[in-house]
> 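Before we start, here is the structure in question, set down as structure tokens.
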Amino acid sequence: MINLTNITKRFGQYPALHGIDLSIRPGEFIALLGPSGSGKTTVLRIMAGLEFQDSGEVRLDGVDVSSLKVADRGVGFVFQHYALFRHMSVADNVAFGLTVRRNKSRGKTRNSRRDIRARADELLRLVQLDGMGRRYPAQLSGGQRQRVALARALAVEPKLLLLDEPFGALDAQVRKDLRRALRDLHQQMGLTSVFVTHDQEEALELADRVVVMNAGRIEQIGTPDEIYAAPATPFVSHFVGETNLLPGSLFGRGHGDLHVRPNEIAIVAGDAPDDRQDSAEVQIVNRFRKGPLWRIEGRLACSDRLIEIDSAPGHVVPAPGDSIWIRPKTARTFPASPDLPANSLNLPCPVSRQGEHA
Amino acid sequence: MNAQIAGATAEGVFTRAFLIALALLFLAVFLALPLVVVFAAALKAGLGPFREAISTPDAVSAIKLTLLVAGISVPLNMVFGVTASWAITKFSFPGKSLLTTLIDLPFSVSPVVSGLIFVLLFGAQGLLGPWLAAHDVKIIFAVPGIVLATMFITFPFVARELIPLMAEQGKDEEEAAISLGANGWQTFWHVTLPNIRWGLLYGVLLCNARAMGEFGAVSVVSGHIRGETNTLPLHVEILYNEYDYVGAFAVASLLAGLALVTLVAKTLLEWRFDLNSSHVTRGAKP
């Protein structure tokens, strides 16, 4: 459906993308996930034709559209800040694409004014805004505005729907509703869609496949499950989900970094020296409720590094000031990478303490 | 809350009264009084001489010339101003900051110098003077020179009004329009222009007021030929120098009247403008 081959892009001196390869199948719902500055929006804008790559190729349905302008690519684009035409009514906003196309062909297309009006009403119904056509964007809430923007993009019957941080400017509850609405809409219409987000929850919830980006490169492409359970790179492991980075040497597991989620850490008794085998001491600094569990924050006794632990249900929750011993139940090991933010903040622990207790 | 903030920053009663009185006194002496004097002096001898003064052939010719100059330079500057603002706010290109600076040049240069620039360029001894003389084109001491000087002086008004406005609005709406299939002209006509219309009108109004009132630059290039190259401000000066005070003030009152009309229109526009933007921001809840 859409294929990007070796796309590169610079903004002045700043290299934004280094060789992006991506294939999207018809009907797929794709999330481009990454921190700000990772190049995800640039990839989306290059797909749309709002930005042009320095080298590489964009193919839509097998046709090279690299040099086509946005108007000729048959894509719908939804902007983060809606970009509604503020002086036009909601219905005129939705009808805009059809109206300008009609005017361009001097009214020779099948679309009469009445057809266009009917189509706009139909789309407003689709995004659950029937009867709002006469209002102006300023009179709508953020969520409603984004629905109008969605209807407006769908009006021109695009082959590909592109959404730039579509929920970025909305508050939590509206975000959730709109997310659901978008997913329903996608299931209903089967329109190939790509959206950009920095919110991993959003990406994992909505997308068929997630493309994780960092510093102008694709780190991993996979289903939400693959991304979460089998991260391919230390960056993905650290960026998706909550992850503690622990020095492997501390637990007798080699010299790499152990990536451990808060729920993968076991609290061991630590009374007997045997318990302390392959474990590390943690000073508790804080605890708070997190849904059904307690989140415990502590510092590794040997390095001051902050560790987040989820208490298992039914156990006594350690209080601030307590000292506990922990051991990773499961973990992913990656070569130690100093680039990850957690690693740059702390001094590493001294080498394995196994010998002390043996 | 507001009262508290005001309380914290407010001066004592005496200081406040003093500052307000000072400001009012200043306004009265330097703005209100001259305006009253102009109209009073113009009508001192009654309506008859007033009407006579503004209907002499020279005065009528000056009025016509002023209208002609404004009629040419204001629309052109409207087009240039929109073009320049569009280029500066919607594109990035090398030399952009230079262009932004150059737009302000007419404001920072003395009008006399602005006039001299054109004399140096197009005058008999100027750079292009001999060529123009050979082809029998008159620019200096003729209407084209006056139009050029006026355009130069009034160029910044529209652009300076539009650049901050268009920069604030960003280019999202234009991108949305082209992504929906609109071409450049449709985008400008249906999306950009409606968004800037009040700011544009405001800029045009100020531009027009200055175009009709400009003295310095026009004085340098006009040559003061009565009935031919005298605009209203120049005509006022001539009458004044000839001790025709009633005539001078009668014609001056026309210009003062224009200033008042501009001021009222500007206030109305600002009010409308404010209403518009607050209307938008008030609705801008997530």
Side-chain angles (χ1 to χ4, degrees), chain A residues 11-12 45 48-51 69-88 92-105 135-146 149 152-153 155-156 158 162 164 167-175, chain B residues 82 86 88-98 162 164-202 269 271-286:
Chain A
F11 292 111
R45 290 173 62 88
L50 288 169
E51 209 86 68
K69 281 189 267 181
V70 56
D72 305 318
R73 289 199 188 180
V75 299
F77 202 95
V78 176
F79 294 81
Q80 178 176 7
H81 298 289
Y82 331 123
L84 296 180
F85 307 127
R86 63 194 93 185
H87 62 277
M88 287 184 205
D92 286 343
N93 261 282
V94 176
F96 184 85
L98 300 170
T99 311
V100 292
R101 270 155 214 245
R102 176 174 184 270
N103 291 350
K104 253 192 203 168
S105 55
R135 299 219 189 159
Y136 279 83
Q139 297 166 306
L140 302 181
S141 70
Q144 289 171 326
R145 285 185 217 178
Q146 197 56 296
R152 183 178 68 176
V156 294
L162 303 169
D164 184 10
F167 317 106
L170 304 170
D171 55 36
Q173 189 54 45
V174 180
R175 215 172 233 255
Chain B
V82 171
W86 176 285
I88 284 172
T89 54
K90 313 275 175 186
F91 302 115
S92 62
F93 52 91
K96 181 164 151 173
S97 55
L98 184 70
L162 291 185
L165 181 66
M166 288 169 92
E168 184 210 317
Q169 289 178 345
K171 49 186 182 184
D172 272 12
E173 285 184 47
E174 278 82 7
E175 283 187 343
I178 58 166
S179 83
L180 291 166
N183 58 30
W185 178 247
Q186 287 172 322
T187 304
F188 176 74
W189 193 250
H190 294 297
V191 176
T192 309
L193 194 60
N195 281 347
I196 61 170
R197 58 191 161 187
W198 297 115
L200 180 61
L201 206 55
Y202 186 69
L269 274 180
W271 175 68
R272 180 69 225 248
F273 215 4
D274 263 14
L275 209 67
N276 245 29
S277 50
S278 64
H279 180 63
V280 169
T281 39
R282 212 184 311 129
K285 289 169 299 198

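Keep in mind that this is a model prediction, so the values were computed, not measured. Below, chain A is the first sequence line, B the second, and so on; all start at residue 1.
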> If I measure from the heavy atoms of chain B, does A/Arg152 come under 4.5 Å with its side chain, its backbone, both, or neither?
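Contact with chain B is through both the backbone and side chain of A/Arg152.
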> From B/Glu173 CD over to A/His81 NE2, what is the distance, rounded to the nearest 0.5 angstrom?
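Rounded to the nearest 0.5 Å, the CD-NE2 separation comes out at 13.0 Å.
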> Measuring only between side-chain heavy atoms, which start at C-beta, is A/Leu50 closer than 4.5 Å to B/Ile178?
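Heavy-atom side-chain distance check passes, below 4.5 Å.
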> Let me know if A/Val156 has heavy atoms under 4.5 Å from chain B in its side chain, its backbone, both or neither.
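Just its side chain gets close to chain B.
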> So what's closer than 4.5 Å to chain B heavy atoms on A/Arg45: side chain, backbone, both or neither?
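A/Arg45 touches chain B through side-chain heavy atoms alone.
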> Rounded at 0.5 Å granularity, tell me how far CD in A/Glu51 sits from CD in B/Glu175.
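Answer rounded to 0.5 Å: 7.5 Å.
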> Taking the side chain as everything from C-beta on, heavy atoms only, tell me whether B/Arg197 gets closer than 4.5 Å to B/Leu200.
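With C-beta onward as the side chain, the pair stays apart.
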> Heavy-atom pairs under 4.5 Å with chain B - which of A/Ala48, A/Gly76, A/Ala83, A/Gly97 has more of them than the others?
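The residue among A/Ala48, A/Gly76, A/Ala83, A/Gly97 with the greatest pair count is A/Ala83.
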> By a 4.5 Å heavy-atom criterion (distance strictly below it), what part of A/Leu162 contacts chain B: side chain, backbone, both, or neither?
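Contact with chain B is absent: no heavy atom of A/Leu162 under 4.5 Å.
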> Please verify the inter-ring angle class for A/Phe85 with A/Phe96; under 30° counts as parallel, over 60° as perpendicular, anything in between as tilted.
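The rings of A/Phe85 and A/Phe96 sit tilted, inter-plane angle from 30° to 60°.
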> Between B/Gln169 and chain A, which part of the residue has a heavy atom less than 4.5 Å away: side chain, backbone, both or neither?
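Looking at B/Gln169, backbone and side chain both touch chain A.
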